[in-house]
Amino acid sequence: MTLGPTVENWTPRESIRRHVMQGRLVRMEPLDVAKHGPAMFEQFRDLDPDGAVWTYMPDGPFPEWEGFRAAFQAKANSQDPMFFAIVEIESGEARGVASYLRDDPANGVVEVGWIAFSPKLQRTPQATEAMYLMMRHVFDDLGYRRYEWKCNNGNAASKRAAIRLGMTPEGVFRQAVVVKGRNRDTAWFSILDHEWPAQKARFETWLSPSNFDEAGRQIRRLEECGRSADEA
């Protein structure tokens with residue numbers, strides 16, 4: 001019989017709480033429907049009329065305000081998942097949500113999920129910074145050991161995003177859940193505490209203003225940061 005290594009001096013961590021996470025480009029705020037909802041609803045309705053954002057989500061799309069308001073109020077009231085609005089600092093506009101879920105402070109494990117980016121937020125430095133802020137809080141502020149990302153195995157974009165963000169693929173749980181009447185095989189990814197320092201440095205190098213030209217185009221891709229110029 002082989003046992004895992006001893007975890008020296010481990011003690012349960014503080015649970016994740018609602019708070020503001022401040023970045024250079026975005027601010028993560030506890031979700032407030034009255035404050036954040038109208039702008040997000042208009043973006044999803046007007047810029048994503050086919051509801052593509054919600055294809056792999058357990059809820060949505062929301063063509064009418066009342067349905068959106070009710071669903072997002074339930075999210076705002078939820079403790080686990082715990083939802084945060086992603087507010088772009090320059091415009092002051094909420095442009096998406098993300099949550100911590102399955103918080104397990106006794107073991108130092110939490111998952112990020114229920115991620116819904118409006119088209120204004122998708123594929124932007126703001127979106128990347130939002131994910132960085134959530135990871136930074138878990139590892140730097142709370143001292144957790146493991147940060148998880150799970151998604152529908154058919155969601156190629158989500159799996160690419162996980163890899164880009166430095167996650168390690170861990171396999172697929174077959175027939176894990178039923179979502180909107182369809183089977184979901186769930187792909188698992190994670191970052192561990194000992195991997196975080198290198199990943200943090202990579203994020204901060206990529207997010208630096210010096211990595212973007214005058215038109216706002218990236219000079220080095222996130223995947224290239226942390227690698228030498230010869231390797232890139």
Side-chain angles (χ1 to χ4, degrees), residues 16-44 46-48 52-53 72 75-76 81-100 110-142 144 147 149 151 157-158 160-167 189 191 195-227 232:
I16 291 172
R17 298 179 181 177
R18 288 182 170 85
H19 67 292
V20 173
M21 292 174 272
Q22 182 71 42
R24 183 176 65 86
L25 303 172
V26 298
R27 183 171 56 252
M28 308 291 291
E29 299 179 356
L31 179 61
D32 181 322
V33 176
K35 180 179 181 181
H36 306 122
M40 285 194 289
F41 171 69
E42 290 178 2
Q43 291 169 57
F44 288 124
D46 297 342
L47 302 178
D48 182 35
V53 168
F72 273 64
K75 297 179 196 298
M82 183 180 291
F83 284 86
F84 293 83
I86 303 165
V87 179
E88 185 190 50
I89 291 174
E90 183 176 5
S91 67
E93 186 175 73
R95 296 193 167 175
V97 294
S99 79
Y100 294 116
V110 72
E111 179 181 345
V112 61
W114 288 85
I115 300 168
F117 292 166
S118 85
K120 284 187 176 182
L121 184 60
Q122 295 168 14
R123 300 179 183 85
T124 65
Q126 288 86 343
T128 298
E129 187 181 60
M131 295 294 96
Y132 159 74
L133 292 173
M134 294 184 75
M135 290 187 214
R136 186 179 70 179
H137 175 61
V138 165
F139 288 119
D140 288 359
D141 299 339
L142 299 179
Y144 274 38
Y147 187 81
W149 176 294
C151 64
S158 185
R160 286 195 302 270
I163 296 296
R164 176 179 178 270
L165 294 172
M167 304 276 182
F189 301 82
I191 291 180
E195 299 165 340
W196 170 242
Q199 296 297 343
K200 178 182 179 180
R202 191 172 66 99
F203 277 113
E204 292 179 350
T205 298
W206 188 82
L207 288 165
S208 171
S210 64
N211 190 46
F212 296 86
D213 65 18
E214 294 180 357
R217 294 183 295 255
Q218 65 180 347
I219 296 171
R220 297 183 72 185
R221 297 163 58 238
L222 180 59
E223 298 91 324
E224 296 168 345
C225 293
R227 296 160 54 188

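Each residue takes its place number in the sequence, starting with 1. In what follows, every heavy atom counts, from backbone to side chain, and hydrogens, waters and symmetry copies are set aside. Bear in mind the structure is a predicted one, so any value in this text is a computation, not a measurement.
For the ring-ring contact (aromatic ring centres under 6.0 Å, His included) test, no residue two or more places apart in sequence or in another chain qualifies with Tyr144. For Tyr132, the ring-ring contact (aromatic ring centres under 6.0 Å, His included) partners two or more places apart in sequence, or in a different chain, are Phe203. Applying the side chain to side chain contact (heavy atoms under 4.5 Å, CB included) criterion to Ala34, with sequence neighbours excluded, gives Asp32. Scored by the side chain to side chain contact (heavy atoms under 4.5 Å, CB included) test, Pro197 finds no partners at all (sequence neighbours excluded). A search for ring-ring contact (aromatic ring centres under 6.0 Å, His included) contacts involving Phe139 returns Trp196, not counting sequence neighbours. Every residue two or more places apart in sequence or in another chain that forms a side chain to side chain contact (heavy atoms under 4.5 Å, CB included) with Ala157 is listed here: Asn155, Arg160. Judged as a side-chain hydrogen bond (donor to acceptor under 3.5 Å, both in side chains), and not counting sequence neighbours, the contacts of Ser91 are Glu88. Not a single side-chain hydrogen bond (donor to acceptor under 3.5 Å, both in side chains) links Ser99 to another residue, sequence neighbours left out. By the ring-ring contact (aromatic ring centres under 6.0 Å, His included) test, Phe44 pairs with Trp54, sequence neighbours left out. Judged as a side-chain hydrogen bond (donor to acceptor under 3.5 Å, both in side chains), and not counting sequence neighbours, the contacts of Arg18 are Gln79. Legend: residues meeting salt bridge (charged side-chain N to carboxylate O under 4.0 Å, His left out) with Asp140, ordered by chain and number and at least two apart, are Lys200. Under the rule for a side-chain hydrogen bond (donor to acceptor under 3.5 Å, both in side chains), the partners of Gln218 that lie at least two apart in sequence or sit in another chain are Trp206.
Heavy-atom minimum distance, Gly23 versus Leu133: N-CD1, 3.8 Å. Considering all non-hydrogen atoms of both residues, Val97 and Ala85 come closest at CG1-CA, 4.3 Å.
Residues Val20 and Pro30 meet the side-chain proximity criterion, which asks for heavy atoms closer than 4.5 Å. Side-chain contact between Ile115 and Met134 is absent, with no heavy-atom pair separated by less than 4.5 Å. Residues Gln22 and Ile89 have side chains in contact (heavy-atom distance under 4.5 Å, counting atoms from C-beta outward).
Taking CD of Glu129 as the start and CZ of Arg136 as the end, the distance is 8.0 Å to the nearest 0.5 Å. Here CD of Glu29 is found 11.5 Å from NE2 of His19. Values are rounded to the nearest 0.5 Å. Note: Leu207 CG to Leu25 CG = 6.5 Å, rounded to the nearest 0.5 Å. Expressed to the nearest 0.5 Å, how far NE2 of His36 lies from NZ of Lys75 amounts to 15.0 Å. Once rounded to the nearest 0.5 Å, the distance linking CD of Gln122 with CG of Leu47 reads 9.5 Å. Distance check: Met28 CE to His137 NE2 gives 11.0 Å after rounding to the nearest 0.5 Å.
Other residues, nucleotides and ligands contribute only 12 or fewer heavy atoms inside 6.0 Å of the CZ atom of Arg123. Taking a 6.0 Å sphere around CZ of Arg17, one finds it holds 12 or fewer heavy atoms contributed by other residues, nucleotides or ligands.
Relative ring orientation between Tyr100 and Phe84 is described as perpendicular, the plane-to-plane angle rising above 60° on a 0-90° scale split at 30° and 60°.
Put simply, the residue from Tyr147, Trp149, Phe189 that forms a side-chain contact (heavy atoms from CB on, under 4.5 Å) with Leu165 is Trp149.
Thr205 places a side-chain N or O within 3.5 Å of a backbone atom of Ala201 that can act as its donor or acceptor partner. For the pair Gln43 (side chain) and Ala94 (backbone), a donor-acceptor distance under 3.5 Å is present. Under a 3.5 Å cut-off, the side chain of Gln126 and the backbone N or O of Val26 do not form any donor-acceptor pair. Not one N or O on the side chain of Ser118 forms a donor-acceptor pair closer than 3.5 Å with the backbone of Met40. At least one donor-acceptor pair closer than 3.5 Å links the side chain of Asn211 to the backbone N or O of Arg220.
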Passes side chain to side chain contact (heavy atoms under 4.5 Å, CB included), Ile86 versus Phe117? Steps please. CA-CA 9 Å; Ile86 303 165; Phe117 292 166; 3.4 Å; yes
